[in-house]
**Student:** 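Questions regarding the structure given below will be posed in turn.
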Amino acid sequence: MGLKIYNTLTRKKETFEPVHPGKVGMYVCGVTVYDMCHIGHARSVVLFDVIYRYLLKSGFQVTYVRNFTDIDDKIINRANKLGENWKDLAERFIKEFSVDMDALGVKRPTIEPKATDHIPDILSLISALIEEAHAYEVDGDVMFSVSSFSPYGKLSGKKTEDLVSGARVDVDEKKKDPLDFALWKAAKKGEPFWNSPWGPGRPGWHIECSAMSMRYLGSSFDIHGGGSDLTFPHHENEIAQSEAATGESFVRFWIHNGFVNIRSEKMSKSLGNVLNIRDILKEVHPEALRLFLLSSHYRSPLDFNDTSIREASVGLERMYSALMALEELINAGGIVNELPEELSDLGSKFEDAMDDDFNTPKGLALLFDASRAINRIHAEAGPNKDKIPIKESLENVKKTLLGWANEVLGLLNEAPEIFIENARRSGAKDLNITKEEIERLVQERSEARKAKNFKLGDEIRNRLLEYGILIEDGPKGSTWRVRD
RNA sequence: GGCGGCUUAGCCAAGUGGUAAGGCGACGGUCUGCAAAACCGUUAUUCGGCGGUUCAAAUCCGCCAGCCGCCUCCA
């Protein structure tokens, strides 16, 4: 069928064909490292992680570049405020970022370049732009001349006339045109700087991404991604800088993800509702967060609230529970030759879903369909081997299921029985009763029940319930879990 | 003001011309001493409203209503 991707540049789904057959160059705007990462960052990173994983699974040789912006006004301001060296601050948050990404099960990109490691690339790119009269120097600053690049606005769909009349563009004495933007900023007193042909200073925000992406992927590459807010001005400016400098088409496919809202409100520092990844993961399993982030289409807005994240956790448990049932069926082995459609077609249907602009909600629906089919076999077969498919085909189902759920979506990494056990016991440390005491009471109740003393058994069950402990009686005896 | 997007069951959410995926919840059932958990089943004659195009529309076009994003640092 072939991969189709919605391209912001053309506003259409287009068939994906890389510049060099079999190889993909992908650049995604990373984070400015001045604070902890929030759930909005998580959405973007997880989306492109899934895209990266899918391209790899499709057989492409992928060079995936995700940068760190480690020099910027926000970093300098924060460092000054905290009395910390700006470089130390940036390094500190790069480490924190990596901790969060590892926790989220995000695959490391091929290259994670830092802006400050690429000053020579940035300088030569700026020099080229000045030579071609696409940029000019004023008092140690270098500005890009927007009017020198006629396609300006092609990504965001903006017309330069509209932008000029929109009164929100800063008027700056140094700019020949209000739309011009800084490529190089002259250092103010006490600010970090690098030497340049225009004096000491530091790179503007947009130029670093042009420099780093072209450094690793060439002047024309396949995919560039980021949050939808970066479309303008950041990505628009990247196109202008890069294409003005090289005369080549910069990027084939622009992919932008939608925003995460918090309880129907925009997440912002002023509203005080910014949710850090670190804090969320104290309450929520990382895979549940991934499932949540992938449960609606990547371009749609996504609302984070107690219900939505709870649903994701429950859904994940459902998948693990089916995986456990599948493993039991494999161990039992059977004689049935055919598989239900939900299991035999899983691979090709999942691929179709992903090929259709990375339709992860549809993919998840297929995984739930497969889960139900597995559970149905499990429930109907019982101990009868004549109702269970043969071992080999069940093993193929598991391979396919994990091939997509695990390799591509980054879910179902754990052994199911361990996952389910942990999910049941999570939060036990916050209770007013020790684990040993719980175990003792459960044991006491089991003995009472064995003696048909159900009155005492129920009494103990109620007592434990007051502590927030639920008893579950199964064929292998009684177990307990923390009530939600 | 300019540009773009969205509106599908109680809630979340796929579906861009061929007659409504999936999840949560709710309800019914299996299991159980009774529960719980798990599992199974049921749950939109209809896609914001009104017109139009078509053999056929949630899907295309027009108008109206409501919501949202970007235009300024932002994933």
Side-chain angles (χ1 to χ4, degrees), chain A residues 8 11 13 28-32 34-35 37-48 72-74 77 153 156-159 161-170 205 225-234 236 256-261 264 266-269 274 291-292 295-297 299-303 305 307-319 321-322 324-325 349 353 356 359-372 374-380 420 424 449 452-455 457-458 461-462 465 470-475 478-481 483:
Chain A
T8 307
R11 280 153 220 222
K13 273 188 210 172
V28 173
C29 290
V31 292
T32 301
Y34 73 106
D35 206 344
C37 284
H38 54 64
I39 187 169
H41 297 115
R43 184 181 197 188
S44 185
V45 173
V46 167
L47 164 68
F48 290 105
D72 173 88
D73 286 346
K74 287 194 290 291
N77 292 340
S156 54
K158 297 184 186 307
K159 299 189 190 84
E161 311 91 79
D162 296 340
L163 288 167
V164 174
S165 60
R168 302 177 93 172
V169 178
D170 263 352
W205 175 36
S228 56
D229 56 321
L230 297 181
T231 309
F232 188 89
H234 185 55
E236 193 70 64
H256 293 98
N257 65 275
F259 264 38
V260 179
N261 293 320
S264 306
K266 182 176 167 148
M267 180 167 57
S268 72
K269 295 218 166 179
V274 176
L291 180 62
F292 163 72
S295 66
S296 78
H297 188 81
R299 272 183 281 113
S300 308
L302 178 62
D303 195 56
N305 56 61
T307 308
S308 62
I309 195 66
R310 172 81 200 136
E311 279 180 12
S313 300
V314 172
L316 183 65
E317 277 185 54
R318 185 175 168 78
M319 281 187 193
S321 164
M324 190 149 75
K349 283 188 175 168
D356 185 13
N359 193 334
T360 55
K362 199 173 192 176
L364 289 170
L366 293 166
L367 295 180
F368 284 116
D369 284 339
S371 297
R372 190 169 352 95
I374 292 166
N375 288 332
R376 201 185 299 128
I377 295 171
H378 186 77
E380 284 172 3
I420 287 168
R424 288 169 176 217
R449 290 179 68 234
K452 304 275 181 209
N453 187 351
F454 296 121
K455 191 163 170 265
D458 291 351
R461 181 164 67 195
N462 288 335
L465 195 58
L470 284 177
I471 294 278
E472 291 171 4
D473 299 331
S478 300
T479 57
W480 58 274
R481 66 179 297 165
R483 187 175 54 182

**Student:** Working to the nearest 0.5 angstrom, can you tell me the gap between A:Thr307 OG1 and A:Arg310 CZ?
**Tutor:** 10.0 Å

**Student:** Working to the nearest 0.5 angstrom, can you tell me the gap between A:Asp303 CG and A:Met267 CE?
**Tutor:** 11.0 Å

**Student:** Looking at A:Asn375, does any N or O in its side chain come under 4.0 Å of the phosphate oxygens OP1/OP2 on B:C40?
**Tutor:**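 So the side-chain polar atoms of A:Asn375 do come within 4.0 Å of the phosphate oxygens OP1 or OP2 of B:C40, strictly under.
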
**Student:** Taking any heavy-atom pair under 4.0 Å as a contact, classify A:Val260: base, sugar-phosphate, or nothing.
**Tutor:** base

**Student:** Check the phosphate of B:A14 against A:Ser300, side-chain N and O only, distance under 4.0 Å to OP1 or OP2. Yes or no?
**Tutor:**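 Affirmative; the distance criterion is met.
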
**Student:** How long is the line joining CG of A:Leu367 and P of B:A14, in whole Å?
**Tutor:** 16 Å

**Student:** Given the structure, check if the side chain of A:Arg461 and the base of B:A36 hold any donor-acceptor pair shorter than 3.5 Å.
**Tutor:**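 Counting by modelled atom types and ignoring angles, no donor-acceptor contact under 3.5 Å is found here.
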
**Student:** Look at all strands and tell whether A:Leu47 reaches a base, only sugar-phosphate, or nothing, counting heavy atoms closer than 4.0 Å.
**Tutor:** nothing

**Student:** Give A:Gly40 one of three labels, base, sugar-phosphate or nothing, depending on what nucleic acid heavy atoms sit under 4.0 Å from its own.
**Tutor:**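 Base contact - A:Gly40 has a heavy atom under 4.0 Å of at least one base atom.
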
**Student:** Please pick, from B:C73, B:A38, B:C71, the nucleotide with the shortest atom-to-atom distance to any side-chain atom of A:Phe232.
**Tutor:**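 The answer is B:C71, which lies nearest to the side chain.
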
**Student:** Nearest-Å distance, CG (A:Asn261) to P (B:C67)?
**Tutor:**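 Answer to the nearest Å: 15 Å.
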
**Student:** Categorize A:Lys269 for me: base, sugar-phosphate, or nothing, with a 4.0 angstrom heavy-atom threshold over every strand shown.
**Tutor:** nothing

**Student:** Heavy atoms only, 4.0 Å cut-off, all strands: where does A:His38 land among base, sugar-phosphate and nothing?
**Tutor:** base

**Student:** Classify A:Gly258 by what it touches in the nucleic acid, base, sugar-phosphate, or nothing, heavy-atom distance under 4.0 Å.
**Tutor:** base

**Student:** Quick one: does any side-chain atom of A:Ser313 pair with a main-chain N or O of A:Ile309 as donor and acceptor, under 3.5 Å?
**Tutor:**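 Present.
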
**Student:** Let me see the working for A:Leu302 and A:Asn261 under side chain to side chain contact (heavy atoms under 4.5 Å, CB included), right down to the final yes or no.
**Tutor:** CA-CA 6 Å; A:Leu302 178 62; A:Asn261 293 320; over 6 Å; no

**Student:** Compare side-chain N and O positions of A:Ser321 against OP1 and OP2 of B:C39 and report whether any pair is under 4.0 Å apart.
**Tutor:**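 Yes.
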
**Student:** B:G48 pairs with which nucleotide, Watson-Crick or G-U wobble, both distances below 3.5 Å?
**Tutor:**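 WC or wobble partner is B:C64.
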
**Student:** For A:Asp369, answer base if it contacts any base atom (sugar-phosphate contacts may also be present), sugar-phosphate if it contacts only those atoms, and nothing otherwise; contact means non-hydrogen atoms under 4.0 Å.
**Tutor:**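 Sugar-phosphate, backbone atoms only, no base.
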
**Student:** In whole Å, what separates the P atom of B:G23 from that of B:C63?
**Tutor:** 39 Å

**Student:** In whole angstrom, give me the gap between the P atoms of B:G69 and B:U30.
**Tutor:**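 Comparing P positions in B:G69 and B:U30 gives a spacing of 50 Å.
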
**Student:** If the C1' atom of B:C61 is compared with that of B:G25, how far apart are they to the nearest Å?
**Tutor:** 38 Å

**Student:** Atom CD1 of A:Ile374 to atom C1' of B:C40: distance rounded to whole Å?
**Tutor:**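 The distance from CD1 of A:Ile374 to C1' of B:C40 comes to 15 Å, rounded to the nearest Å.
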
**Student:** Can you tell which of B:C39, B:C12, B:G33 lies closest to the side chain of A:Glu311?
**Tutor:**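 Closest nucleotide among those given: B:C12.
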
**Student:** Which is true for A:Met324 with a 4.0 Å heavy-atom rule: it touches a base, it touches only sugar-phosphate, or it touches nothing?
**Tutor:**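 Contact class for A:Met324: none.
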
**Student:** What is the distance from NZ of A:Lys452 to P of B:G33, rounded to the nearest Å?
**Tutor:**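 In whole Å, B:G33 P and A:Lys452 NZ are 7 Å from each other.
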
**Student:** Rounded to the nearest Å, what distance is computed from the CG atom of residue A:Leu230 to the P atom of nucleotide B:C70?
**Tutor:** 11 Å

**Student:** At under 4.0 Å between heavy atoms, what does A:Arg449 touch on the DNA or RNA strands: base, sugar-phosphate, or nothing?
**Tutor:**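 Base contact.
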
**Student:** A:Ser308 near the nucleic acid: base, sugar-phosphate alone, or nothing, with a heavy-atom cut-off under 4.0 Å?
**Tutor:** nothing

**Student:** Output yes if the stacking criterion (under 5.5 Å between centres, under 30° between planes) is met for A:Phe259 over the base of B:G69, else no.
**Tutor:**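 Whether judged by distance or by angle, A:Phe259 falls short somewhere, so it does not stack on the base of B:G69.
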
**Student:** Applying a 3.5 Å limit to both distances, which nucleotide forms a Watson-Crick or G-U wobble pair with B:U16?
**Tutor:**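 B:U16 is unpaired by these criteria.
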
**Student:** On a plain distance test, is the side chain of A:Asp473 in donor-acceptor contact with the base of B:C34 below 3.5 Å?
**Tutor:** yes

**Student:** I'd like to know if the side chain of A:Ser295 reaches the main chain of A:Pro361, judged simply by a donor and an acceptor atom lying under 3.5 Å from each other, with no hydrogens or angles considered.
**Tutor:** no

**Student:** Kindly indicate whether the side chain of A:Met319, heavy atoms from C-beta on, has any atom under 4.5 Å from the side chain of A:Leu364.
**Tutor:**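 SC-SC contact between A:Met319 and A:Leu364 confirmed.
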
**Student:** Side-chain N or O of A:Lys266 versus OP1/OP2 of B:C70: is the shortest distance under 4.0 Å?
**Tutor:** yes

**Student:** Once you apply a heavy-atom cut-off of 4.0 Å, does A:Thr307 come out as touching a base, just sugar-phosphate, or nothing?
**Tutor:**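 The answer is nothing, as A:Thr307 stays clear of every strand by at least 4.0 Å.
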
**Student:** At less than 3.5 Å, do the side-chain atoms of A:Arg318 and the base atoms of B:G23 form a donor-acceptor pair?
**Tutor:**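 A donor-acceptor contact between them is absent.
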
**Student:** For B:G22, does OP1 or OP2 lie under 4.0 Å from any side-chain N or O of A:Arg372?
**Tutor:** yes

**Student:** Quick one: A:Glu236 CD to B:U72 P, roughly how many Å, whole number?
**Tutor:**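 Atom CD in A:Glu236 sits about 12 Å away from atom P in B:U72.
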
**Student:** Please confirm whether the backbone N or O of A:Ala322 pairs with a side-chain atom of A:Ser371, one donor and one acceptor, at under 3.5 Å?
**Tutor:**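 It does not hold such a pair.
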
**Student:** Mind calculating the distance between CG (A:Asn305) and P (B:C24) to the nearest angstrom?
**Tutor:** 16 Å

**Student:** Which value, in whole Å, describes the distance between the P atoms of nucleotides B:C55 and B:A13?
**Tutor:** 36 Å

**Student:** I'd like to know if A:Asp458 reaches the base of B:G33 with its side chain, counting only an N/O donor and acceptor under 3.5 Å.
**Tutor:** yes

**Student:** At 4.0 Å (heavy atoms only), tell me whether A:Gly157 reaches a base, stays on the sugar-phosphate, or touches nothing.
**Tutor:**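 The answer is sugar-phosphate, as A:Gly157 gets under 4.0 Å only of primed atoms, P, OP1 or OP2.
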
**Student:** Check every atom of B:A37, B:A75, B:C24 against the side chain of A:Arg424 and return the nucleotide holding the closest atom.
**Tutor:** B:A37

**Student:** I'd like the P distance from B:A44 over to B:C39, given in whole Å.
**Tutor:** 22 Å

**Student:** Pick base, sugar-phosphate or nothing for A:Thr479, based on heavy-atom distances below 4.0 Å to the nucleic acid.
**Tutor:**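 The residue A:Thr479 makes no contact with any strand.
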
**Student:** Measuring only the P atom in each nucleotide, how far is B:C6 from B:G17? A whole number of Å is fine.
**Tutor:**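 B:C6 and B:G17 have their P atoms separated by 15 Å.
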
**Student:** Any Lys/Arg nitrogen of A:Lys13 or A:Asp356 sitting under 4.0 Å from an Asp/Glu carboxylate oxygen of the other?
**Tutor:**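 A salt bridge is present here (some side-chain N lies under 4.0 Å from a carboxylate O).
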
**Student:** Using atom P in both nucleotides, what's the gap between B:G28 and B:A36 to the nearest angstrom?
**Tutor:**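 Straight-line distance between the two P atoms is 12 Å.
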
**Student:** Any side-chain heavy atom of A:Arg424 within less than 4.5 Å of one from A:Thr479?
**Tutor:** yes

**Student:** Taking the minimum atom-to-atom distance to the side chain of A:Val31, which one of B:G2, B:C11, B:A75 wins?
**Tutor:** B:A75

**Student:** State whether the aromatic ring of A:Phe368 stacks on the base of B:G22, taking stacking to mean ring centres under 5.5 Å apart and ring planes under 30° to each other.
**Tutor:**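 Answer is no, no stack.
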
**Student:** Should B:C39 form a Watson-Crick or G-U wobble pair with both distances under 3.5 Å, which nucleotide is its partner?
**Tutor:**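 Pairing partner: B:G29.
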
**Student:** Ignoring the backbone of A:Arg481, work out which of B:A37, B:G41, B:A75 is nearest its side chain.
**Tutor:**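 Side chain of A:Arg481 sits closest to B:A37.
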
**Student:** Across all strands shown, which nucleotide pairs with B:U59 by Watson-Crick or G-U wobble geometry, both distances under 3.5 Å?
**Tutor:** none

**Student:** How many angstroms lie between CG in A:Leu47 and NE2 in A:His256, if you round to the nearest 0.5 Å?
**Tutor:** 11.5 Å

**Student:** Without decimals, in angstroms, what is the distance between A:Arg376 CZ and B:U42 C1'?
**Tutor:** 14 Å

**Student:** Reading RNA chain B from 5' onward, which residue's closest nucleotide shows up sooner: A:Met267 or A:Lys13?
**Tutor:**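 So the residue in question is A:Lys13.
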
**Student:** Taking atom P in both B:C47 and B:A9, what distance in whole Å separates the two?
**Tutor:** 10 Å

